Amino acid sequence: MWPCGPGLCCGPQRDGAAEHCRTRRSARAGWSGGERRGGPRDQVPPQTRGRVIALTKMSPPAASGLSHWSTRTLADHLKRREGISVSWHYVARIWREENLKPHRSGTFKVSKDPAFADKVADVIGLYLAPPGGAVVLSIDEKTQIQALDRTQPVLPVTFAATEKRTHDYIRHGTTNLFAALNVTTGEVLCECRPNRNAKNFLTFLKKAVTPHAGKDIHVVLDNLSMHTTPEVKAWLSNNPHVHFHFTPVGSSWLNQVEIWFGILTRQSIRRGTFSSVNVLIKQIRDYINPGTRTRNPSHGPRPLARSSRRSASSRPT
């Protein structure tokens, strides 16, 4: 490149140098508002944009063998089937502008509980406006938590490389986590048990309500059969200050402790490596121990204030 200015050519005066200077000066003229070379860009008609959006919102034709659109398959379909020639870049731009994401999908579930609306109103009402002086506990179980160990040591994070672990693992056993979330304070009481049954549930329920003696206690539960065994019903009749509120069938996501289970799984269990069930239980206890780290309350329920210190192997079954 020769740094040329008006009426000046700083490059060596070889053949073609003067032509280079003229080209640079012509380009400057074009950039400053003069006439530019090349034809005008073709404008895509609005009907084409509308067709791209309409097709994006529909499933691909059955004969295509596709389950969903990509930018390239949609552009190819328009060209071959409808004679509309657009690039996949154009399709991608429309998707960005219209916030369309056909490459992503989600799930949903429709509850068949005939009392769905009444139960939702009951549970949400407890969360938003609990009875004066009453305690609202959200209780559930996270079952069959696996103590998984990798076949090789985990490779740590380093520059330009993520943490890596082997895809195969050794399974050392499982544990069942019982948890009770105080909806008002965010405190969580947890206990690990080797089995999930009505006896262990009732034992944990008694422990969860003991700190709130003398108060009305409202317990939010799902529809698991062990929550309504004769032993549990008999205990409820002897403790009229404890009231059960069940989420609708197929809607256990309304139980707030499920949110805490998700936080525990993401931050402590999913990427953990455990050489035994006891190591797994210790990690859960360390996670819920408020003295192990500083936690921002806005990131979710506050950690456990109390937890059982006995190992699962020492508990009666």
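Reckoned from all heavy atoms, side chains included, excluding hydrogens, waters and symmetry mates. None of these values were measured; they are calculated from a predicted model.
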Check: Can you tell me if N99 uses its side chain to pair, donor with acceptor, with the backbone of W95 under 3.5 Å?
Finding: no
Margin query: Has N176 got a side-chain atom pairing as donor or acceptor with Q144's backbone, closer than 3.5 angstrom?
Written below: yes
Notebook entry, point to check: Near R80 CZ, under 6.0 Å, is it more than 12 heavy atoms from other residues, nucleotides or ligands?
Noted result: yes
Checklist line | Set of salt bridge (charged side-chain N to carboxylate O under 4.0 Å, His left out) partners for D118, sequence neighbours left out | finding: none
Next item on the list: Kindly check if the number of other-residue, nucleotide or ligand heavy atoms within 6.0 Å of NZ (K233) is above 12?
Entry: no
Note to self: Apply side-chain contact (heavy atoms from CB on, under 4.5 Å) to residues I284 and C190 and explain how you reach the verdict.
What the structure shows: CA-CA 9 Å; I284 294 174; C190 291; 5.6 Å; no
Notebook entry, point to check: Between Q267 and Y287, does any side-chain donor sit less than 3.5 Å from a side-chain acceptor?
Noted result: yes
Checklist line | Pairs involving residues 58-71, ordered by first then second residue, that meet side-chain hydrogen bond (donor to acceptor under 3.5 Å, both in side chains) (sequence neighbours left out) | finding: S70-T73
Next item on the list: Would you kindly say whether D168 and T151 are connected by a side-chain donor-acceptor distance under 3.5 Å?
Entry: yes
Next item on the list: Classify the side-chain pair H218/H243 by whether it contains a donor and acceptor separated by less than 3.5 Å.
Entry: no
Checklist line | No-hydrogen, no-angle side-chain donor-acceptor test under 3.5 Å, S251 and K119 | finding: no
Checklist line | Donor on one side chain, acceptor on other, D216 and H241, under 3.5 Å | finding: no
Margin query: As a quick check of understanding, evaluate ring-ring contact (aromatic ring centres under 6.0 Å, His included) for F244 and H227, giving each step before the final call.
Written below: CA-CA 9 Å; F244 278 6; H227 296 160; 7.6 Å; no
